[in-house]
Number of protein chains: 2
Amino acid sequence: MLKLFFMTRSEENYLKAIFHLARKGNKAVTTSAIAEQMDTKPSSVTDMVKRLAEKGMINYRKYQGVSLTKEGRKAALSIIRKHRLWEVFLVEKMDFAWDEVHEVAEQLEHIKSEKLIDQLDKLLGFPRYDPHGDLIPSKDGEFDETAKRLLTEIPLKSTGVCVGVRDSSVPFLKFLDKNNIALGDEITVLDKEEFDGSLHIQIGDRSMHISDQIASNLYVKLKE
Amino acid sequence: MLKLFFMTRSEENYLKAIFHLARKGNKAVTTSAIAEQMDTKPSSVTDMVKRLAEKGMINYRKYQGVSLTKEGRKAALSIIRKHRLWEVFLVEKMDFAWDEVHEVAEQLEHIKSEKLIDQLDKLLGFPRYDPHGDLIPSKDGEFDETAKRLLTEIPLKSTGVCVGVRDSSVPFLKFLDKNNIALGDEITVLDKEEFDGSLHIQIGDRSMHISDQIASNLYVKLKE
DNA sequence: ACAAATTTTTAGATTTGTCTAAAATATATT
DNA sequence: AATATATTTTAGACAAATCTAAAAATTTGT
């Protein structure tokens, strides 16, 4: 028998913060780390984590930090999903620039309506990534950031390891060979041209400029 | 020198409620009326109206009820504008039915982003009425509910006085004549067919059924 | 006009989310 | 291992928004 708790805006924000912190160093998340992330005081965090623990959203033992429960992870992913879908909406439908969406999405992510999110998803064509290239959790809570993806889809400044090609034609493979790009190479996306979607990348010790056509045929796995 | 106060969600809701109550009986709005509208206690209302008065949003004298100031009216209209634009959005873009939009719009109306609302307005084609037929306040705070409008645009169950025609061709005037519809007549919109937009109306003591084409060529002024 | 009924306000308490300052616990150093 | 340092928790306070119960003011009825 599953109990459904109402989550306040603040509780949702804490869950989100804990999720993001846990994603990095994968040990228990400390009180002070949460305080820094949320721009608040450790004592406030202690109060909140007690409440979240009572609601079954996190595991908490005094002085030992916290980790998300199944429920908590599900709730956090649901909020992140909403945030990222709204970001796509703002850029695709409302002419926002990719770097001015965050603040508004922070507000929109707390709107409570399952139907609204389902329709939003549909309106946007079920996008898999947000305007920053971050993966959008699926409705059923799937969130595999390690899955291979196209080089065009990874966030700026992130690094991917080449794991395959979408186009396996001779001309494309020749291009890769000629430019010394091989499976296993690490590619960092330095910048993207607004104009044509072409990418400035760092590969090993050299940097180069590749077209959108090239990038959208290279599969990578995100590093770190 | 105008001071811009941050309005909390609760304050915004009170302003909206006061605006709607003032629109009806046009004397000072009583504490108990607000309490009933907001589903809260009179003592809570007293607390809140004091705060709103301090912020210059309402005129308040103990035991004498409240009225909106210029500032307060502007703030209320801004919230109502957002609410109604979001309602149009939900119906037009998100496949919501006109009778299931209210709850979600109540949440969306508090999102703070001028750019978002401007873009929303544009995306929707600068609509003048919401899905219930209610007038959407303009960006600059204009809100003339007494202006003439098409019979197709007034809310269900509301009554309008015929004040003119858009199409002044002989066939249309003949139709009106044949059906005993004249300037000065009061028409109440009883129901609207989803299918073809035709209207069931009450005119004097008889009721009749008119097509969307007829209704969209008759100007009325809203009564009461 | 004056008592009765109603409405409004005050006073004091509660909840959520926050803070500061002090106490408790854990970690690091020698 | 004992002490010093850093982190975490507790305790007490505050602001927003609400409540209940009691007091004050207004309105109503005859």
Side-chain angles (χ1 to χ4, degrees), chain A residues 4-18 21-22 24-25 27-68 72 75-76 79 106-107 109-110 112, chain B residues 4-18 21-22 24-25 27-68 72 75-76 79 106-107 109-110 112:
Chain A
L4 273 185
F5 281 107
F6 170 82
M7 291 279 115
T8 68
R9 175 170 303 228
S10 192
E11 286 166 348
E12 289 187 345
N13 284 333
Y14 271 92
L15 283 183
K16 204 175 43 151
I18 293 166
L21 291 167
K24 316 246 149 175
K27 34 195 72 172
V29 178
T30 65
T31 301
S32 49
I34 300 171
E36 188 178 0
Q37 176 88 1
M38 302 280 299
D39 196 29
T40 181
K41 302 289 160 179
S43 56
S44 307
V45 174
T46 302
D47 288 345
M48 182 55 92
V49 297
K50 280 178 179 172
R51 248 180 296 147
L52 288 173
E54 265 179 28
K55 292 196 176 184
M57 292 293 166
I58 61 179
N59 308 113
Y60 167 60
R61 272 174 30 248
K62 279 189 185 185
Y63 297 100
Q64 305 305 305
V66 304
S67 63
L68 291 172
I79 301 153
E106 288 276 292
Q107 299 178 61
E109 72 188 3
H110 300 290
K112 278 158 178 73
Chain B
L4 273 185
F5 281 106
F6 171 80
M7 291 278 114
T8 68
R9 174 170 305 226
S10 191
E11 285 166 348
E12 290 187 347
N13 284 332
Y14 271 92
L15 283 182
K16 203 175 44 151
I18 293 166
L21 290 167
K24 316 246 151 182
K27 34 194 74 171
V29 178
T30 66
T31 301
S32 49
I34 300 171
E36 188 178 0
Q37 176 87 2
M38 302 281 299
D39 196 28
T40 180
K41 302 288 162 181
S43 55
S44 306
V45 174
T46 303
D47 288 344
M48 182 55 93
V49 296
K50 280 178 178 171
R51 246 180 300 145
L52 288 173
E54 263 179 29
K55 292 195 177 185
M57 292 293 166
I58 60 179
N59 307 112
Y60 167 60
R61 275 177 25 250
K62 278 188 185 185
Y63 296 102
Q64 305 304 305
V66 304
S67 63
L68 290 172
I79 301 153
E106 289 276 292
Q107 298 179 60
E109 72 189 4
H110 300 290
K112 279 161 178 71

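- Note on Y60(B): a side-chain N or O is less than 4.0 Å away from OP1 or OP2 of dT9(C).
- Taking atom CE of M7(B) as the reference point, atom C1' of dA16(D) lies 14 Å away to the nearest angstrom.
- For S10(A) and dT18(C), the shortest distance from a side-chain N or O to OP1 or OP2 is below 4.0 Å.
- Taking atom NZ of K62(B) as the reference point, atom P of dT9(C) lies 8 Å away to the nearest angstrom.
- In this structure, of dT8(D), dT9(C), dT20(C), it is dT9(C) that holds the atom nearest to the side chain of S43(B).
- In this structure, E54(A) places its CD atom 13 Å from P of dT15(C), rounding to the nearest Å.
- Of the possible donor and acceptor atoms, one in the side chain of K55(A) sits under 3.5 Å from a partner among the backbone N and O of F6(A).
- Among the heavy atoms of the strands lying under 4.0 Å from T31(A) are primed sugar atoms or P, OP1, OP2 only; no base atom is included.
- The Y63(B) side chain lies nearest to dT26(D) when the options are dT26(D), dA26(C), dT18(C).
- The distance between atom NZ of K27(A) and atom C1' of dA26(C), rounded to the nearest whole Å, is 16 Å.
- Of all the heavy atoms in P42(B) and A35(B), the pair that sits closest is N-CB, 3.7 Å.
- No side-chain heavy atom of L15(A) sits under 4.5 Å from any side-chain heavy atom of E11(A).
- One atom, NZ of K50(A), and another, P of dT10(D), lie 4 Å apart when rounded to the nearest Å.
- Summary of the strand contacts: P42(B) and K41(A) both lie near DNA chain C, and taking for each the nucleotide with the nearest heavy atom, the more 5' one is attributed to P42(B).
- Nucleic acid contact class of S44(A) (heavy atoms, under 4.0 Å, all strands): base.
- Atom CZ in R61(B) sits roughly 15 Å away from atom P in dA25(D) (whole-Å rounding).
- Among the heavy atoms of the strands lying under 4.0 Å from S32(A) are primed sugar atoms or P, OP1, OP2 only; no base atom is included.
- The residue T46(A) sits close to a base: some heavy atom pair falls under 4.0 Å.
- When rounded to the nearest whole Å, the span between CZ of R9(A) and C1' of dT18(C) equals 17 Å.
- Separating the CD1 atom in I18(B) from the OG1 atom in T30(B) is a distance of 10.5 Å, to the nearest 0.5 Å.
- Taking atom CG of residue D39(A) and atom C1' of nucleotide dC19(C), one finds them 13 Å apart after rounding to whole Å.
- Residues Q37(A) and L21(A) meet the side-chain proximity criterion, which asks for heavy atoms closer than 4.5 Å.
- OP1 or OP2 of dT18(D) lies within a sub-4.0 Å distance of a side-chain N or O belonging to Y14(B).
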